[in-house]
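Structure first, then comments.
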Amino acid sequence: MMHPEAIRSIIKQAKAAWIAKDVEALVALFTDHGELIVPGHYWQGHQEIRQGLEQFAQDDLAIQIEIKRILIAGNQAIVEWTWKQTNPQTGEQSRAEDAIVIDFQAKKISRWREYIDPKTPQEG
């Protein structure tokens, strides 16, 4: 079983890689047959995950992520974070509340499943 601090470290590395749009850093966090599932997309294995993330990385958006909480049980974690993105050319912003269920195996992510809520107003 992974130590909770190791799990937190991987989650923070993923956050940094998403913000930097560092495809290779994100891919490296997954097992060889890891799964990345976001609404409308399912990628399995390094090659598919890389291809999916390369499309995301091409968008000219500035990303901000605020982790609200991390719950850890065994080799699983649930993360709540707020995702904000800004188009630097137009200034247009969007925001979503995101819950992510992550499974770990051999000190890597074996499954990352996101449940994104772009409609609920921000908490007061």
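We're numbering straight along the sequence, starting at 1.
H46 places a side-chain N or O within 3.5 Å of a backbone atom of F30 that can act as its donor or acceptor partner. The closest donor-acceptor contact from the side chain of N75 to the backbone of M2 lies under 3.5 Å. Remark: side-chain polar atoms of S110 are paired, donor with acceptor, to backbone N or O of D103 under 3.5 angstrom.
With sequence neighbours left out, the side chain to side chain contact (heavy atoms under 4.5 Å, CB included) criterion links Q93 to T86. For H41, the ring-ring contact (aromatic ring centres under 6.0 Å, His included) partners two or more places apart in sequence, or in a different chain, are W43.
For the atom pair F104 CZ and L29 CG, the distance stands at 9.0 Å (nearest 0.5 Å). L71 CG to I102 CD1: the interatomic distance, rounded to the nearest 0.5 Å, is 11.0 Å. Between the NZ atom of K68 and the CD atom of E80 there is a distance of 9.0 Å, given to the nearest 0.5 Å.
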List the atom pairs, with distances to 0.1 Å, where a side-chain N or O of residues 9-19 and a protein N or O form a donor-acceptor pair under 3.5 Å, not counting sequence neighbours.
unit_1: S9; atom_1: OG; unit_2: Q13; atom_2: NE2; d: 3.1
unit_1: Q13; atom_1: NE2; unit_2: S9; atom_2: O; d: 3.4
unit_1: K15; atom_1: NZ; unit_2: I65; atom_2: O; d: 3.3

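Taking a cutoff of 4.0 Å between a charged side-chain nitrogen and a carboxylate oxygen, K119 and E97 do not qualify as a salt bridge.
More than 12 non-hydrogen atoms from other residues, nucleotides or ligands lie less than 6.0 angstrom from CD of E54. Summarising the local packing, NZ of K107 is surrounded by 12 or fewer heavy atoms from other residues, nucleotides or ligands at distances under 6.0 Å.
Residues A96 and I116 come closest through the heavy atom pair CB-CG2, 3.6 Å. V101 and Y115 make their closest contact through CG2-CE1, 4.0 Å (heavy atoms, listed as atom of the first residue, atom of the second, distance).
Counting heavy atoms from C-beta on, the side chains of I70 and I78 never come closer than 4.5 Å. The shortest side-chain heavy-atom distance between Q105 and R111 does not fall under the 4.5 Å cut-off. Under the 4.5 Å side-chain criterion, counting only non-hydrogen atoms from C-beta, L36 is in contact with L53. Residues I63 and K21 form a side-chain contact, since some pair of their non-hydrogen atoms from C-beta on lies under 4.5 Å apart.
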Steps toward side-chain contact (heavy atoms from CB on, under 4.5 Å) verdict (E24, R50): CA-CA 7 Å; E24 291 308 315; R50 182 178 290 110; 2.7 Å; yes

Could you give me the CA-CA distance, side-chain angles and deciding distance for R95 and T82, then say whether side-chain contact (heavy atoms from CB on, under 4.5 Å) is met? CA-CA 7 Å; R95 172 192 159 282; T82 301; 3.9 Å; yes

Worked check of side-chain contact (heavy atoms from CB on, under 4.5 Å) between Q55 and Q51: CA-CA 7 Å; Q55 291 175 348; Q51 288 172 341; over 6 Å; no

Please test W81 against D98 for side chain to side chain donor-acceptor pair (under 3.5 Å), starting from the C-alpha separation and ending with a verdict. CA-CA 5 Å; W81 72 24; D98 200 352; 3.3 Å; yes

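In this structure, a donor-acceptor pair under 3.5 Å is absent between the side chains of E92 and N87.
A single hydrophobic cluster is seen to contain both I67 and I7, as judged by linkage of ILVMFWY side chains at heavy-atom distances under 4.5 Å, directly or through other members. Using a 4.5 Å cut-off between side-chain heavy atoms of Ile, Leu, Val, Met, Phe, Trp and Tyr, with links allowed through other members, I37 and V23 fall into different hydrophobic clusters.
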